[in-house]
Every structure is written in structure tokens, then in C-alpha cells.
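Here's the structure we're looking at; comments come further down.
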Amino acid sequence: QVQLVESGGGSVQAGGSLRLSCAAPGYTATANCMGWFRQPPGKQREGVATILIGDNTTYYAKSVRGRFTISQDSAASMVYLEMNSLKPEDTGIYYCAARGPPYGGACLTNAKFNSWGQGTQVTVSS
């Protein structure tokens, strides 16, 4: 498993931007897919974006497509989520996740992820 630590959350007004970071030491040696998930207040956790480590193929939930960008810096063992044009409905706890063996296959938000961070709060006010 991969140790994951998120940072960068905070409070912003609608239309603003935030950049979340996920420190994932050594993740390229143990993971094949990384993802960002969020849990809005009173709701279930939902997938936001994923990135296939091998070739940087990305996937986005429809609700964030065109506003959010997931990226990785393998040399720094970091995964990022750039969030622009934030909306109040983007409010929630954001989690970084890693998928490694024995799981594989398509790198999508409905995949099985076996390492999770502790989460970082994002609050967007109207």
C-alpha cells in the first residue's frame, strides 16, 4: 500500500480556484492508478478524477469536466488536482487514493482503490 497525505484544501468563493496536493512517496513502484474522490456533506463519497500512472491517461466525472485537472509529478511523488471555476456543490472532503496490485484494469473512478489519504476539506461559498 501507499501512504497518502493530502493538502491544499480551504475556503474559497464561487468562481475561485484551489490546488490540492497528494504526497505519495514511492507510489510509482506500487500503484498503477491514482484518483481523487470527494464526500459532500451528508452524501456518499464520489469519484472526481483519475490518472493512469503509466501513460497519464485521465478520466473526469461529468460534474467537473473542463474545470478540474488531475496531474502527476512522479519525480516528486506527487499527484495534484487543479480546481477552477469552483461551485458551492464542489464542497466536501477530498481524498487521494491509489490502486495497486492485485487490482488493475481500467483506471476509472469505479475501480477498486486500496490506499486512501485522510482527506482535506474544501468549502466553496456562494
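Predicted model only: the values in this text are computed from it and were never measured. Hydrogens, waters and symmetry mates play no part in the numbers below; they use all other heavy atoms, side chains included. Throughout, numbering of the chain's residues begins at 1 and tracks the sequence.
With contacts defined as side-chain heavy-atom distances shorter than 4.5 Å, the pair M34/L52 does not qualify. R45 has its side chain out of reach of P40: every pair of non-hydrogen atoms, C-beta onward, lies at least 4.5 Å apart. Side-chain contact between S21 and E6 is absent, with no heavy-atom pair separated by less than 4.5 Å. Taking the side chain as every heavy atom from C-beta outward, T69 and Y60 approach each other to under 4.5 Å. For the pair L18 and V122, the minimum side-chain heavy-atom distance is below 4.5 Å. Residues C33 and Y103 have side chains not in contact (no heavy-atom distance under 4.5 Å, counting atoms from C-beta outward). I93 is not listed as a side-chain neighbour of T120, based on a closest heavy-atom distance of 4.5 Å or more. Looking at heavy atoms from C-beta onward, N56 lies in side-chain contact with I51 at the 4.5 angstrom threshold.
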Please assess T91 against Q121 for the test side-chain contact (heavy atoms from CB on, under 4.5 Å), listing each intermediate value before the final yes or no.
CA-CA 8 Å; T91 294; Q121 177 71 45; 4.1 Å; yes

Chi angles and distances behind the side-chain contact (heavy atoms from CB on, under 4.5 Å) call for W36, T50:
CA-CA 6 Å; W36 284 97; T50 59; over 6 Å; no

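More than 12 heavy atoms of other residues, nucleotides or ligands sit less than 6.0 Å from atom CD of Q39.
Atom CG of L20 is separated from atom SG of C96 by 9.5 Å, given to the nearest 0.5 angstrom.
Under the 30°/60° scheme for interplanar angles, the aromatic rings of F113 and F37 are found to stand perpendicular.
With hydrogens and angles ignored, the 3.5 Å screen pairs no side-chain donor or acceptor of Y94 with any backbone N or O of L81. Side chain of T109 to backbone of V48: no donor-acceptor contact under 3.5 angstrom is found. N114 contributes a side-chain N or O that, together with a main-chain N or O of G100, makes up a donor-acceptor pair within less than 3.5 Å. A donor-acceptor pair is defined here as one N or O able to donate and one able to accept, closer than 3.5 Å; such a pair exists between the side chain of S115 and the backbone of V2. Looking only at distances, no side-chain donor or acceptor of Q72 sits under 3.5 Å from a matching main-chain atom of Y80. Side-chain atoms of S77 never come within 3.5 Å of backbone atoms of P25 as a donor-acceptor pair (strictly under, hydrogens ignored). Counting only distance, with no hydrogens or angles, the side chain of Q13 and the backbone of V124 share no donor-acceptor pair below 3.5 Å.
In terms of heavy atoms, S17 sits closest to S85 at OG-N, 4.4 Å. A pairwise comparison of heavy atoms in P41 and G92 identifies CD-CA, 4.3 Å as the closest pair. Here the closest heavy-atom approach between residue G47 and residue A61 is recorded as O-CB, 3.5 Å.
Shown here are the side chain to side chain contact (heavy atoms under 4.5 Å, CB included) partners of K87, two or more places apart in sequence or in another chain: R67, E89, D90.
If you check the side chains of N32 and R99, you find a donor sitting under 3.5 Å from an acceptor.
Relative to the ring axis of Y95, R38 does not place its NZ or CZ within 45° and under 6.0 Å from the centre.
Under a hydrophobic-cluster definition in which Ile, Leu, Val, Met, Phe, Trp and Tyr are linked whenever side-chain heavy atoms come within less than 4.5 Å, directly or via other members, V12 and F68 are assigned to the same cluster. No path of Ile, Leu, Val, Met, Phe, Trp and Tyr side chains, each step under 4.5 Å between heavy atoms, connects Y59 with I70, placing them in separate hydrophobic clusters.
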